[in-house]
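Side chains are part of it too, since the values below use all heavy atoms of this structure and drop only hydrogens, waters and symmetry mates. Count residues from 1 along the sequence.
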Amino acid sequence: MMVIAIELGEIEKFIGKYSLGRDNGEGSLHFLRIKIPAGQITSDKLREIAKLSRKYGRGYAEITDRQDIQLHWIDSEKALEIFEELYKLGYTTDLCGQGFSGACYGDVRNIVSCPLSGKISDFDVAKHAKELTEFFSGNPEFIDLPRKFKIAFTGCGGDCVRLGINDLGMYGIELDGRRGFVPFVGGSIGASHPGPSLAKNLGVFVPEERVFEFVKAVVEIHRDHSSRESKAKARFKNLVNSWGIEKLRSVIEEKIGKLERIEGIELNYAEHNGSGEQINGLHYYTLPVVGGVLNAEKLDFIADMADKHGEGEVRLTPQQNVTFVDVKDVEKLKRDLEKKFQIKEGYVYYNSIACASNFCGKTRDVHAKDLLKKLIEVCEKRGVRDVRLNVSGCHNDCGCVNVAEFGFMARMVRKNGKVVQGYDIYIGGDFTKLKMSKPYKTGLTVEEVIEEFEKLISR
């Protein structure tokens with residue numbers, strides 16, 4: 001038997017840490033989803049990503065709802081060149097797997113963190129997100145999970161990261177003078193079997209010093225026990241539903257030892273919109289970025305503003321916005337930001353999100369981000385600013401419609417003998433109450449969606 005040895009050389013450092021995703025719209029074939037651990041990025045690194053955007057991505061960039069920065073129009077032949085530049089920056093990517101025709105890798109996706117971690121209280125949960133990101137990224141023991149695994153941390157006293165839609169959501173609390181987390185497990189609102197499912201309270205208290213071993217144990221359980229026979233059934237939520245909370249808790253404790261039981265924990269809402277005071281006497285300011293859409297010029301500008309008005313750092317948010325921290329004078333910052341951005345205050349601008357359906361090819365005519373803009377225009381016309389809008393281009397629900405106050409999910413509909421772009425409307429979701437939205441009206445054209453939405457917000 002002949003053995004063929006292949007020298008991987010320099011490209012070995014990219015294996016398991018870098019991947020291109022597959023696009024099918026706007027003339028883009030591939031995207032690059034850059035992990036920004038805990039959403040925290042310095043002005044210098046933001047400028048470097050702006051350079052990558054200009055060089056490889058036609059100057060376009062967008063913030064995802066997992067605190068990544070995503071570039072499009074990536075030439076696959078330049079992949080190793082791009083990966084080398086990311087490697088020098090210290091960044092990796094999600095292993096999206098969509099760039100290849102075979103079965104996807106399952107990896108731990110970018111770990112989401114409260115964007116004001118360590119700023120409005122000294123409970124710094126972002127350090128856990130960063131440590132775990134470093135551990136899981138490229139780790140050969142964890143890059144071939146049955147399916148992707150999503151983790152989120154919050155410690156600001158509320159749920160600013162949509163814990164309930166993650167495979168593992170860590171809710172920070174203080175118990176008898178000790179800091180730690182209450183885990184929520186088994187969330188996933190996409191179309192994978194058996195459909196949308198919100199995370200369940202595991203009913204234990206995980207002290208801060210045990211966070212690493214706890215999270216590692218949960219991911220190992222997913223790796224070793226979730227289905228490998230069917231990709232459709234391989235999400236962690238299926239294992240949680242099959243085993244139940246008591247069995248899952250028991251298996252975790254077999255691995256790491258006994259955990260203290262805790263009852264009566266309810267998620268509270270937290271928003272970090274507008275501006276506020278930090279514990280160090282400085283301020284934060286969150287800039288709303290509708291749909292997360294930016295470009296290289298604006299990335300450079302944001303970096304300049306972070307240097308001029310703060311300490312050279314910004315935080316990306318799960319609402320696709322940018323939060324400036326350590327700001328000396330918020331009003332001066334806002335006046336400068338108005339040179340490149342429209343500064344609009346209001347819940348609808350800060351808390352509404354939309355996926356990149358124009359690039360994945362799941363929509364035509366009116367894409368998710370386009371519809372979000374139209375809906376916001378309706379709100380402006382009606383003087384309504386206190387609603388939360390989520391828009392997804394397909395049933396995979398990257399726009400989190402299933403926990404939306406007002407959600408809009410795209411699909412093709414037949415009208416007057418023709419197939420046209422349409423949307424279903426969902427209402428009544430609330431991720432802090434672990435409450436799913438429900439279909440309100442389905443199979444509407446975009447024009448009908450706008451008409452129905454106007455009626456809903458006029459009640």
Assert yes or no for the condition that the ring centre distance of [X] to [Y] is strictly below 6.0 Å.
| X | Y | result |
| --- | --- | --- |
| H283 | F324 | no |
| W73 | F359 | yes |
| F142 | F136 | yes |

Which value, rounded to the nearest 0.5 Å, describes the distance between [X] atom [atom1] and [Y] atom [atom2]?
| X | Y | atom1 | atom2 | result |
| --- | --- | --- | --- | --- |
| L132 | S113 | CG | OG | 11.0 Å |
| N402 | S437 | CG | OG | 5.0 Å |
| I189 | D397 | CD1 | CG | 4.5 Å |
| L71 | I49 | CG | CD1 | 7.5 Å |
| S352 | L372 | OG | CG | 5.5 Å |
| F205 | R261 | CZ | CZ | 14.0 Å |

Apply side-chain hydrogen bond (donor to acceptor under 3.5 Å, both in side chains) to residues D23 and H30 and explain how you reach the verdict. CA-CA 5 Å; D23 272 340; H30 297 284; over 6 Å; no
Can you confirm whether [X] sits close enough to [Y] that some side-chain heavy atom of one is under 4.5 Å from a side-chain heavy atom of the other?
| X | Y | result |
| --- | --- | --- |
| S197 | S188 | no |
| S226 | R235 | no |
| E62 | K369 | yes |
| Y285 | N273 | no |
| R162 | I353 | yes |
| R249 | V204 | yes |
| I165 | K150 | no |
| Y426 | M409 | yes |

Is the shortest distance from a Lys or Arg side-chain nitrogen in [X] or [Y] to a carboxylate oxygen in the other one below 4.0 Å?
| X | Y | result |
| --- | --- | --- |
| E297 | K340 | yes |
| E174 | R178 | no |
| E48 | K88 | no |
| E213 | R210 | yes |

[X]-[Y] side chain donor-acceptor pair, cut-off 3.5 Å:
| X | Y | value |
| --- | --- | --- |
| T286 | N321 | no |
| N280 | D326 | yes |
| D307 | S43 | yes |
| D159 | N268 | no |
| Q67 | K35 | no |
| N166 | R66 | yes |
| E81 | Y56 | yes |
| K362 | N24 | no |
| K237 | S192 | yes |
| S227 | K233 | no |
| T432 | D430 | yes |
| Y284 | E277 | no |

Does atom [atom1] ([X]) have a neighbourhood of more than 12 heavy atoms from anything else shown, all under 6.0 Å?
| X | atom1 | value |
| --- | --- | --- |
| K328 | NZ | yes |
| Y87 | OH | no |
| E263 | CD | no |
| K255 | NZ | yes |
| E253 | CD | yes |

N110 and D94: CA distance, side-chain angles, deciding distance, side-chain hydrogen bond (donor to acceptor under 3.5 Å, both in side chains) verdict: CA-CA 7 Å; N110 198 35; D94 280 340; over 6 Å; no
Please step through salt bridge (Lys or Arg N to Asp or Glu O under 4.0 Å) for the pair K148 and D107, ending with a clear verdict. CA-CA 5 Å; K148 60 189 175 184; D107 66 320; over 6 Å; no
Relative to each other, are the rings of H128 and F181 parallel, tilted or perpendicular (30° and 60° limits)?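 The arrangement is perpendicular - the two ring planes meet at more than 60°.
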Any idea how F212 and F135 line up, ring-wise: parallel (<30°), tilted (30 to 60°), or perpendicular (>60°)?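 Rings of F212 and F135: perpendicular, as their planes differ by over 60°.
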Kindly indicate, with the supporting measurements, whether the criterion salt bridge (Lys or Arg N to Asp or Glu O under 4.0 Å) is fulfilled by K51 and E85. CA-CA 10 Å; K51 289 179 184 177; E85 297 203 36; over 6 Å; no
